[in-house]
Number of protein chains: 2
Amino acid sequence: MTGRQTEPYGRPDKRQAIMRAARRVFGRDGYARAGVDTIAAQAGVSKRTIYNHFTDKQHLFETVALEGAHEVTAAIAQIMDRHLHKIVDLEEDLIAFSLDRVAAVTAFPDHFALVRTIEAEAAHIPPAILRAWIDAGPQTGHLRLAPYLRRIAGQGLLEIDDADRAAAHLTLLTITDINQQTFYGAVPLPEEKVRAIITGGVRAFLRIYATASPPGSP
Amino acid sequence: MTGRQTEPYGRPDKRQAIMRAARRVFGRDGYARAGVDTIAAQAGVSKRTIYNHFTDKQHLFETVALEGAHEVTAAIAQIMDRHLHKIVDLEEDLIAFSLDRVAAVTAFPDHFALVRTIEAEAAHIPPAILRAWIDAGPQTGHLRLAPYLRRIAGQGLLEIDDADRAAAHLTLLTITDINQQTFYGAVPLPEEKVRAIITGGVRAFLRIYATASPPGSP
DNA sequence: GTCAAAGTACACTCACTAGTGCAAGCCTTA
DNA sequence: TAAGGCTTGCACTAGTGAGTGTACTTTGAC
């Protein structure tokens, strides 16, 4: 219909400025409250330009949501690799990993504010788009974590029957707990509480999945 | 300021109709999209009446959020008592409890749709109100679950150092997992998957907290 | 039946928002 | 320098939504 997704239109810098601004404003104000004028002002761009790049407010929102998911997924992948590629002390490494993963929420405040908005809009987003977003973001997080756990299990440190479920459990016991309490960073939580939750979560995870007699033991 | 909270105003049936309608519409459409006219129509009440009962759209929203939290908390308390007052088989009882707790989301669709809206609005809700909501709803859920776990631990079936954390973990591994995947019921999840998640979650919980040698064993 | 409190219908203000049309200006590439 | 795509500013439409004022009717208690 529009053809604007396939053959790119306009100056890329403008487009990027729009997306960045849209992410921030949608995340801060929510979909309905966010005004296209506000986004334009934030982007330092004429409103008309936004409508030259994107057919619709809805379309803009969807595009921003998907693009952001990819970005963060890549960042999380890096964090995983940094902490879980080579295991020294499993508990310590998992704690450090989880702390970094939580820190990502602070590092991408606009994105995670947007996540909250997306979850709120779930019922008003076309199912196909929502599906695509889940696949690009949250879901990929799990699917990428699972292989690491499988590998660690292969080293005899974990005993795992279903790696996907284990990944889900680790996520729930650490990041999800914190995200839920802080509403994805909207409500502050003191550093020491974050640490306590993560530590408790990782220890619980290890009680579920750690091998009874690790390879280093007699 | 208004005095309307302290000395009740107007006919209670009208007030209740408004609250019911507001809960549904806020939950379905989100705060910003929800129109006071829509709520009035849904309640079968004149818009003016709404403004006679509540000073504000915001005020109405806050009132509905708090009232709903109390209602559901009471319902959950009943479910807890039904399943956890007397333990026959711990795993079975916990699974049955969790399944019922998840079913409550379906039983109060309006309320849980509203929960999603509240979480989305977190950043726009006055902190004091948000705090009050958390205390009345989610938080109370935990605090009420903890004593049951403590009691079960006292019977030698669980080994728990921090009952609040244990309650949080049980919640995360079961209901939270499901609520997150279904966006509080907005996206369907087949019955058998629900069952699988709950079962897996409860088993994981027991691996964390079940006593190594229960009292019945030799 | 009377009276007061509460509810209703409706018209209205005011602010704001999505989206469009257009003429003029800018920038880059040839 | 000429051209053509892109951006801009601005005015404009058309719709929507919160909240109010008012005159009138309903309801329930006594």
Side-chain angles (χ1 to χ4, degrees), chain A residues 1-65 117 121 124-126, chain B residues 1-65 117 121 124-126:
Chain A
M1 194 69 74
T2 62
R4 271 173 197 161
Q5 293 92 320
T6 54
E7 355 171 340
Y9 165 94
R11 284 164 46 183
D13 57 326
K14 296 287 174 183
R15 185 184 170 90
Q16 205 188 357
I18 294 168
M19 302 259 296
R20 219 195 291 276
R23 180 163 59 204
R24 161 161 298 169
V25 176
F26 278 133
R28 190 191 52 199
D29 298 345
Y31 179 80
R33 250 192 274 260
V36 178
D37 292 276
T38 313
I39 295 171
Q42 174 79 36
V45 143
S46 138
K47 173 159 76 160
R48 207 62 186 73
T49 301
I50 291 185
Y51 282 100
N52 287 342
H53 281 263
F54 302 91
T55 60
D56 225 41
K57 185 184 173 182
Q58 178 88 21
H59 183 65
L60 171 60
F61 180 73
E62 292 165 6
T63 310
V64 166
T117 298
E121 288 294 314
H124 307 108
I125 297 176
Chain B
M1 195 69 77
T2 61
R4 271 176 195 159
Q5 293 91 321
T6 54
E7 355 170 341
Y9 165 94
R11 285 164 46 182
D13 57 324
K14 296 287 174 182
R15 186 185 169 88
Q16 205 188 357
I18 294 168
M19 302 259 296
R20 219 195 291 277
R23 180 163 59 205
R24 160 160 300 167
V25 176
F26 278 134
R28 189 190 53 199
D29 298 346
Y31 179 80
R33 250 192 271 260
V36 178
D37 292 275
T38 313
I39 295 171
Q42 174 80 37
V45 142
S46 137
K47 173 159 78 159
R48 207 60 185 74
T49 301
I50 291 185
Y51 282 101
N52 287 341
H53 281 264
F54 302 91
T55 60
D56 225 41
K57 184 184 174 184
Q58 178 87 20
H59 184 65
L60 171 60
F61 179 73
E62 292 164 5
T63 310
V64 166
T117 299
E121 287 294 313
H124 306 110
I125 297 176

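Protein chains get the first letters and strands the later ones, always in sequence-line order, with residue 1 at the start of each.
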Using a cut-off of 4.0 Å on non-hydrogen atoms, how would the nucleic acid contact of [X] be classed: base, sugar-phosphate, or nothing?
X       : answer
B/Arg11 : sugar-phosphate
B/Ala17 : nothing
A/Lys14 : sugar-phosphate
B/Ala34 : sugar-phosphate

Item checked: Closest to side chain of A/Lys57, choosing from C/dA9, C/dG19, C/dG21 -> C/dG19
Notebook entry, point to check: Quick check: does any side chain N or O of B/Lys14 sit under 3.5 Å from a backbone N or O of B/Ala43, one acting as donor and the other as acceptor?
Noted result: no
Taking [atom1] from [X] and [atom2] from [N], how many angstroms apart are they, rounded to a whole number?
X       : N      : atom1 : atom2 : value
B/Ile50 : C/dA9  : CD1   : P     : 13 Å
A/Asp37 : C/dA15 : CG    : P     : 16 Å
A/Tyr51 : C/dG19 : OH    : P     : 4 Å
A/Asp29 : C/dC16 : CG    : C1'   : 14 Å

Item checked: Most 5' of B/Lys47 and B/Gly44 on DNA chain C, judged by nearest nucleotide -> B/Gly44
Next item on the list: Taking only the side-chain nitrogens and oxygens of B/Thr49, find out if one of them lies under 4.0 Å from OP1 or OP2 of C/dT8.
Entry: yes
Next item on the list: Taking only the side-chain nitrogens and oxygens of B/His53, find out if one of them lies under 4.0 Å from OP1 or OP2 of C/dG7.
Entry: yes
Next item on the list: Specify the closest pair of heavy atoms between B/Thr49 and B/Ile18, including all atoms of both residues, with the distance to one decimal.
Entry: CG2-CD1, 4.2 Å
Notebook entry, point to check: Which pair of heavy atoms, one from B/His53 and one from B/Arg11, lies closest together, and at what distance?
Noted result: CE1-O, 3.8 Å
Check: Side-chain contact, heavy-atom cut-off 4.5 Å: B/Tyr9 with B/Arg15?
Finding: no
Check: Taking C-beta and beyond as the side chain, do A/Met19 and A/Phe54 meet within less than 4.5 Å on heavy atoms?
Finding: yes
Next item on the list: Please find the earliest and latest nucleotides of DNA chain D, in the 5' to 3' direction, that have an atom within less than 4.0 Å of any heavy atom of chain B.
Entry: D/dA18 to D/dT27
Next item on the list: Sequence neighbours left out, what passes salt bridge (Lys or Arg N to Asp or Glu O under 4.0 Å) with B/Arg28? Give chain and number order.
Entry: none
Next item on the list: Using the six-membered ring of B/Phe26, assess whether NZ or CZ of B/Lys57 lies under 6.0 Å from its centre and within 45 degrees of the ring axis.
Entry: no
Check: With nearest nucleotides of DNA chain D determined for A/Pro12 and B/Ala32 from heavy-atom distances, which residue corresponds to the more 5′ nucleotide?
Finding: A/Pro12
